[in-house]
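Report on the structure given below.
Convention: sequence-line order gives letters A, B, ...; per-chain numbering from 1.
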Amino acid sequence: MSSVADASVAPRASAWGRFRRWLANPWGRPRFLPLLTWGYVAWSIVPVLIAVQFSFNATRSRTNWEGFSTRWYWGDPVDSVWHDPTLRNALVQSLKLAVADVVIATPIGVLLAIGLARWHGRGSGTSNFLMLFPLVTPEIVMGVSLLLVFTEVFTFIGTGTTAQILGHVTFSISYVVVIVRGRLFSIGRQFEEAAADLGASPTAALTRVLLPLLMPAIVASAAVVFAISIDDFVISQWLSSGGETDTVPVKIYSATRAAPLPSTNAIASIMMVLTLASITLGFLVWRAFTRGERRAGQSVVKDMGALEI
Amino acid sequence: MYRRWLWPGFALPGVVWLIVLFVVPFYTVVAVALGTVDPILFQPVPIWNPLEWNVGWLNEVIHRLGPGGNLTDVALRTLQYVAISLVLSLLIGYPVAYYIARLAGRTKALLLILVIAPLWINYLMRMLAWVNLLAPDGYVNRFLTYTHILSEPRDWLGGRPSTVILALVYGYIPFLILPLFAALDRIDKSHLEAARDLGASRFSTFVHVTLPLSKVGILGGAVLIALPMFGDYYTPNIVSGAPQTSMIGNQIDLYFHGGPQPTIGAAITIVLAAFLTLLMGYYLWTIHRATREARTA
Amino acid sequence: MARGEIRLIGLTKRFAEVTAVDHIDLDIAPGEFFSLLGPSGCGKTTTLRMIAGFEQPSEGRIILDGTDVAYTPPHKRNVNTVFQNYALFPHLDVFDNVAFGLRRAKRPKNEVKERALQALALVQLGGLESRKPSQLSGGQQQRVALARALVLNPSVLLLDEPLGALDAKLRKTLQIELKTLQREVGITFIYVTHDQEEALTMSDRLAVMNGGQVEQIGAPQDVYEDPETLFVADFLGVSNLMDATAQGAHDGRCRVRADTFELAAGSGAIDVTGPAKIVIRPERIELESREAASGPNRLPGMVERLVYVGAAVQVIVRVATGDALQVLVPNTGKSLPYQQGTPVQVHLPVEALRVLVADEAGEAGPAKDAALAEASGRD
């Protein structure tokens, strides 16, 4: 593009031109990419951090910072999370559903994962397809269908805690299957064959070899189920019978639309800590259990990301 | 080595559960949508026998969704919002995923954690965060008036499509970045090196090698967020209380909770589900074609 | 009672339309080091897995010390396996790995400890009991796998390409160790490999398999020197195949015509007539100067290439029939009297020249120029 004539003209020294060249960085890596990425990360996380910060606000305002206080967590005798019965109740309800979900969905999911991975007969393809469906179904469709089934078909259950638990388990099972199945594929059949070769009965091969090797995935999937159950909004809302059966996300939703107090921020922050703690725990357990299997340099994140769909 | 019935036996509890609590509910929606309404109690009467299905309400809904109906605006608006949000998400998400997957070096693990974290932060909390920021006296308005970009605080939460789209993008983009990252991370470096070796510039390598190889990931990620976005009702409700930004999910919500006409709600749900199934089918067909090409290559 | 005698009778395994193992009959003597040798897909691993019990035969019987175990589950057979990638339990340390089978058999604690430590000493891994498999080298892992299998005193030990993942030098060392170990322990070893050199080195007898069938069984020397089929001739070592027309037996030798040359082949299918192949091993061919006295079984040729492989020199000679033959000349330290382009006379000694009939399907193993078959034999 440059011609002999241009060579005698000095390059533009404008600030914008220089900035653009610095950004494009033609001899190295384009600089706008890391800028964009870190900018995105900031845009993604900072609003949440601000919201957490305001949960510690000394006044009722969610927009004006007026000093640090824990009143919204336990200080305020009326509106804090600890003292407001609706908020406390919602917390308890959320935990109830999450624990029940883990206890029920994990075993069912683990069995389903093993069964689907090994079963090759008739019906296995359809069952696999069936298992994948909840993962791609929009929540509102699931909410509608579950509401209708509990009001038109299984009317002895109706809406409420039982319905919520059943609903949570239904969408959680698939997550367990996908996580456990990834681990199953990376293990393969070789260890059970070795166990049988050495004299272990089929039961012993399953309990003494397969199950211990599957443990990181089982724990990780339990952590994931806990997290998605706590965070669930749509199903919990649709199957709620009001008041006592509202979970924290439902309360956050109604408060946000009405007149949110910093206590809303507070309870949302508590949920966030619980969820992140659960996921981190699952991740750490996975890492600890599989330490003996990884060669130097292999990334745990990559391991976990090997979700077999 | 193992008994043949062991594996189906293991799978049985899960399969039974999913049939009873997933398939049957689905069928219930169909039965209600294609059912009748009790004229006295205004209760839906589900019809279970396919031969007796009543398409009256379904037709009514389709009519309303079609040109001239009172649901047309909502349907078109939903398509619009999802499409724009999708494009914006890709424009932001693809470069971010690309950077983390291929160029981040030492910061890769940290960035990955920071990008995955929002997935595990309650969706509603993330929306709450923006409600606080976009309040009349929130930080956004304060910043904009302070820098004189605006002369007075704007009402962001009163029914603006741009706010809804911003919220949708903010909410769903982490779910797009992850599959994009996975697809880009998977690309073998030797393909790119081969392209450079054969004379392609960096940009050209990106356009002719990286982009095509990540096509499957793009499509997958797009479907992954489009599907739930179509059914979203809470995002518009939180960041904009107004009916002029309502999406199809809001309509379903209204017909069930607003003055219940469950039969219509069910009918709309079926239409939505059918539409999404078509979308899903298109995606699976494209994947199938892509894998077939890859295999013969 | 014989310990470790295996007989396979009509053993067959079909997977959908593919017959992986086709009516195999084998008799393996107790205490023998027996190898199953063949290219990938020939059915050797499937055969081994059927003996171990991980696959059920479609037809046939597996007689172990007089009992048909074809339908016995693997954990009830007195047969143990060393897997290709060892399959050491990652969640157990070395001691627990080796003790695994003993514990399943509910042996008393002190017996378990004694036998496990003994087994580890046998494979020279004493002192590593509390290590985890991931902390061991490939060679060490292989020994643990061996100890784990041997500690149970099986009648037969099955080894599925156990040295495949190791580097060449380590492989050679372990080959010798395994052979010594087998002699010491006296158990029947059935060894699967695709490496013909390995099989020739270690086995008492071996079976060459191809396409689900056994092509030839015999001691290494017999199989190498007297291949009965083209496949075996081609698979083991370099074969120097040439097309020829056989004209039947005369004076105990087969008269063959290769191109325009009349040769006499002293071994193989001597009585045949019609299209055939003649083979000779590279180390049996003699190169003579063009001026030397002529005689029977001599062809004019020209040296095309010399390849130095350390202990010997491969001389690729293009003979007048058009074939390229590989001659192996041991390295005596003296320089060779020919180089690239030198015309020579190629002597194919009668006793070393073998005549074979092509397989029915006409696929006698990939017919190829000997020049393309590089040094240490095909896999």
Once rounded to the nearest 0.5 Å, what's the spacing between atom [atom1] of [X] and atom [atom2] of [Y]?
X: A:Thr151; Y: B:Phe256; atom1: OG1; atom2: CZ; answer: 8.0 Å
X: B:Met125; Y: A:Ile252; atom1: CE; atom2: CD1; answer: 7.5 Å
X: B:Leu114; Y: A:Thr37; atom1: CG; atom2: OG1; answer: 11.5 Å
X: A:Ile157; Y: B:Leu21; atom1: CD1; atom2: CG; answer: 7.0 Å

>> Is the distance between the ring centroids of B:Tyr234 and A:Phe233 under 6.0 Å?
In response: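 Yes - the distance between ring centres of A:Phe233 and B:Tyr234 falls below the 6.0 Å cut-off.
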
> For B:Ile270, is it the side chain, the backbone, both, or neither that has a heavy atom closer than 4.5 Å to a heavy atom of chain A?
Replying inline: neither

>> Under 4.5 Å from any heavy atom of chain B, what part of A:Val41 do you find: side chain, backbone, both or neither?
In response: side chain

> Which bit of A:Val234 is near chain B, if near means a heavy-atom gap under 4.5 Å: side chain, backbone, both or neither?
Replying inline: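 Both backbone and side chain.
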
> Between A:Ser124, A:Ser269, A:Gly39, which shows the greatest number of heavy-atom pairs under 4.5 Å with chain B?
Replying inline: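 So the answer, after comparing A:Ser124, A:Ser269, A:Gly39, is A:Ser269.
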
> Side chains of A:Ile140 and B:Leu272: does their closest heavy-atom pair fall under 4.5 Å?
Replying inline: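 Yes, their side chains come closer than 4.5 Å.
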
> In chain order, what residues pass the side-chain hydrogen bond (donor to acceptor under 3.5 Å, both in side chains) check against B:Arg186, with sequence neighbours excluded?
Replying inline: none

> Using the ring of each side chain (for Trp, its six-membered ring), is A:Trp43 parallel, tilted or perpendicular to B:Tyr170, with breaks at 30° and 60°?
Replying inline: perpendicular

> In terms of ring plane angle, is the pair B:Tyr233 and A:Trp238 parallel, tilted or perpendicular, where the classes change at 30° and 60°?
Replying inline: perpendicular

